[in-house]
Undergrad: 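Before anything else, here's the structure in question.
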Protein chains: 2
Amino acid sequence: MVILLAADSSYKDKKVITIGIVSELTGLTERQIRYYEERKLVFPYRTPGGSRRYSFADVELLVEIANKIEDGVQTYEIRQEMVKQKKRNEAEEHKKMIQGQINAHFGIRKK
Amino acid sequence: MVILLAADSSYKDKKVITIGIVSELTGLTERQIRYYEERKLVFPYRTPGGSRRYSFADVELLVEIANKIEDGVQTYEIRQEMVKQKKRNEAEEHKKMIQGQINAHFGIRKK
DNA sequence: CGTGTAAGGAATTCTGACACG
DNA sequence: CGTGTAAGGAATTCTGACACG
């Protein structure tokens, strides 16, 4: 029997980090970080005052993006990959939801 | 039987949150947050420019502090508790370290 | 295409102090 | 003791643009 307690995603997904800190954390310039947003690769939260707030998940994503760009991948292509991945995830979600409804109707049998 | 506890402390302890965000997260005013630092209850990182950066652990600590103050506990008393707790932790650490050295010398037997 | 930079403005944060109690 | 506030300054962030290539 295995009991696994998942990583605390609450911290990872909270958008609380300013662009200056993200710059330090990733080694990217603020210019680069803003540009990747312009290309719709990252979506920081915006405060009422207009400044950007990133999550740790965003920070990790930014590093991945930067690596791909270093490898010669264009932002447009990276965007395409992300859209595709998102669709796969949604399909998976949908599948799980349907299964959940089936279970709700016929009862859940677990090995 | 295996019990795995992940608790990603890497995110929790990184000092990356500005005082404004901490204020939103905790509901405390910036004045309160700065005062608790003055009373040596929290220790944010300082950027070269002089501004404070807090971790999620700090945020949680601040909430606990605020609760105690609401209960009428004075900052000085809270400080005393923290110092005592720290000493207990260090004693525990020391004990573990000693045991580690013993194990290193005589071999580790695990049940 | 991806990034650097100077420009001017706006939002954020800092400290020390006076105030109340 | 714990917190509010006005004050002036410094650090941070924002946008739009010009530049290179």
Side-chain angles (χ1 to χ4, degrees), chain A residues 14-83, chain B residues 14-83:
Chain A
K14 283 228 161 168
K15 307 235 176 194
V16 297
I17 314 178
T18 59
I19 196 168
I21 305 280
V22 173
S23 175
E24 284 178 32
L25 256 34
T26 61
L28 302 173
T29 64
E30 298 186 9
R31 180 66 168 103
Q32 290 174 302
I33 298 168
R34 293 197 188 100
Y35 180 67
Y36 301 156
E37 177 181 0
E38 190 183 318
R39 301 316 312 276
K40 300 192 185 309
L41 300 178
V42 258
F43 306 93
Y45 163 75
R46 290 295 187 118
T47 67
S51 43
R52 282 165 262 249
R53 294 297 129 96
Y54 301 83
S55 66
F56 282 109
D58 290 330
V59 168
E60 294 183 3
L61 177 57
L62 280 166
V63 171
E64 286 177 40
I65 292 168
N67 286 335
K68 286 181 186 170
I69 289 180
E70 273 190 291
D71 292 346
V73 186
Q74 295 196 337
T75 55
Y76 178 78
E77 307 174 77
I78 299 175
R79 173 107 176 85
Q80 294 312 305
E81 288 175 36
M82 285 177 56
V83 172
Chain B
K14 282 228 164 168
K15 308 236 176 192
V16 296
I17 314 177
T18 60
I19 194 167
I21 306 280
V22 173
S23 174
E24 283 177 33
L25 255 34
T26 61
L28 303 173
T29 64
E30 299 186 8
R31 180 69 168 97
Q32 291 174 300
I33 298 167
R34 293 197 187 101
Y35 180 67
Y36 301 156
E37 177 182 0
E38 188 183 319
R39 302 314 313 274
K40 299 191 186 308
L41 300 179
V42 256
F43 307 92
Y45 162 75
R46 291 296 187 115
T47 66
S51 44
R52 282 164 261 249
R53 294 298 130 97
Y54 301 83
S55 66
F56 282 109
D58 290 331
V59 169
E60 294 182 3
L61 178 57
L62 281 166
V63 171
E64 286 177 39
I65 293 169
N67 286 335
K68 286 180 186 172
I69 289 180
E70 273 189 291
D71 292 346
V73 185
Q74 297 198 335
T75 54
Y76 178 78
E77 307 174 76
I78 299 175
R79 174 108 175 84
Q80 294 312 305
E81 290 175 34
M82 287 178 56
V83 172

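Just so we're on the same page: letters track the sequence lines, and every chain starts at 1.
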Undergrad: From OH of Tyr54(A) over to P of dT12(D), roughly how many Å is that when rounded to an integer?
TA: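 Computing the Tyr54(A):OH to dT12(D):P distance gives 16 Å.
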Undergrad: Measure from CD1 on Ile17(B) to P on dT13(C) and round the result to the nearest Å.
TA: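 Atom-to-atom, Ile17(B) to dT13(C), this comes out as 12 Å.
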Undergrad: Rounded to the nearest angstrom, tell me the gap between atom CD1 in Ile65(A) and atom C1' in dG2(C).
TA: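 For the pair Ile65(A) CD1 and dG2(C) C1', the rounded distance is 13 Å.
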Undergrad: Without decimals, in angstroms, what is the distance between Ile33(B) CD1 and dG4(D) C1'?
TA: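 After rounding, the reported distance stands at 14 Å.
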Undergrad: Calculate, to the nearest 0.5 Å, the distance between atoms CD and CD1 belonging to Glu38(B) and Ile33(B) respectively.
TA: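 Going from the CD atom of Glu38(B) to the CD1 atom of Ile33(B) covers 14.0 Å.
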Undergrad: Distance check: side-chain N/O of Thr75(B) vs OP1/OP2 of dG2(D), anything under 4.0 Å?
TA: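 Indeed, a polar side-chain atom of Thr75(B) lies that close.
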Undergrad: Under 4.0 Å between a side-chain N/O of Arg34(B) and OP1 or OP2 of dC14(C), yes or no?
TA: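 For dC14(C), OP1 or OP2 has a side-chain N or O of Arg34(B) closer than 4.0 Å.
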Undergrad: Does dT3(D) have a Watson-Crick or wobble mate here (both distances under 3.5 Å), and if so which one?
TA: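 Pairing partner: dA19(C).
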Undergrad: Thr47(A) or Ile69(A): which one's nearest nucleotide on DNA chain C is closer to the 5' end?
TA: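 Of the two residues, Ile69(A) wins.
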Undergrad: Is any side-chain heavy atom of Leu25(A) less than 4.5 Å from a side-chain heavy atom of Tyr54(A)?
TA: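 Side-chain contact under 4.5 Å: no.
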Undergrad: Rounded to the nearest Å, what distance is computed from the CZ atom of residue Arg53(A) to the P atom of nucleotide dT12(C)?
TA: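 Result: 7 Å.
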Undergrad: Considering Watson-Crick and G-U wobble pairs with both distances under 3.5 Å, what does dG8(C) pair with?
TA: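 The base-pairing partner of dG8(C), which may sit in any strand shown, is dC14(D).
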Undergrad: Taking DNA chain C as the partner, which of residues 35-46 of chain B come within under 4.0 angstrom of it by heavy atom?
TA: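 Only Arg46(B) qualify.
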Undergrad: Among Lys15(A), Lys14(A), Arg52(A), whose salt bridge (Lys or Arg N to Asp or Glu O under 4.0 Å) with Asp58(A) holds?
TA: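 Only match with Asp58(A) under salt bridge (Lys or Arg N to Asp or Glu O under 4.0 Å): Lys15(A).
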Undergrad: So that I can tick it off, tell me whether Arg53(A) and Glu24(B) are bridged by a salt bridge, with the cut-off set at under 4.0 angstrom between side-chain N and carboxylate O.
TA: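 Salt bridge: no.
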Undergrad: Look at Thr18(A) and dT13(D) and indicate whether a side-chain polar atom (N or O) is within less than 4.0 Å of OP1 or OP2.
TA: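 So the side-chain polar atoms of Thr18(A) do come within 4.0 Å of the phosphate oxygens OP1 or OP2 of dT13(D), strictly under.
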Undergrad: To the nearest Å, give me how far apart CG (Leu28(A)) and P (dT13(D)) are.
TA: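 The answer, rounded to whole Å, is 15 Å.
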Undergrad: Expressed as a whole number of angstroms, how long is the span from Arg52(A):CZ to dA10(C):P?
TA: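 Roughly 17 Å, once rounded to whole Å.
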Undergrad: Do Tyr36(B) and Ile78(B) have side-chain heavy atoms sitting under 4.5 Å apart?
TA: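 Side chain of Tyr36(B) against side chain of Ile78(B), heavy atoms only: no contact under 4.5 Å found.
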Undergrad: Of Val42(A), Ile21(A), Val22(A), which is the lone residue that meets side chain to side chain contact (heavy atoms under 4.5 Å, CB included) with Val59(A)?
TA: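 Going through the options one by one, the only one that passes is Val22(A).
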Undergrad: Name the closest nucleotide to the Ser51(B) side chain, picking from dT12(C), dG4(C), dC14(C).
TA: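 Among the listed nucleotides, the one closest to the side chain of Ser51(B) is dC14(C).
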Undergrad: Tell me: CZ of Arg31(B) to C1' of dT15(C), nearest whole Å?
TA: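 For the pair Arg31(B) CZ and dT15(C) C1', the rounded distance is 11 Å.
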Undergrad: So does Tyr76(A) have more than 12 non-hydrogen atoms from other groups sitting under 6.0 Å from OH?
TA: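 At most 12 heavy atoms, drawn from other residues, nucleotides or ligands, come within 6.0 Å of this atom.
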Undergrad: From dG2(C), dC14(D), dG2(D), pick the nucleotide closest to the side chain of Gln74(A)?
TA: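 The listed nucleotide nearest to Gln74(A)'s side chain is dG2(C).
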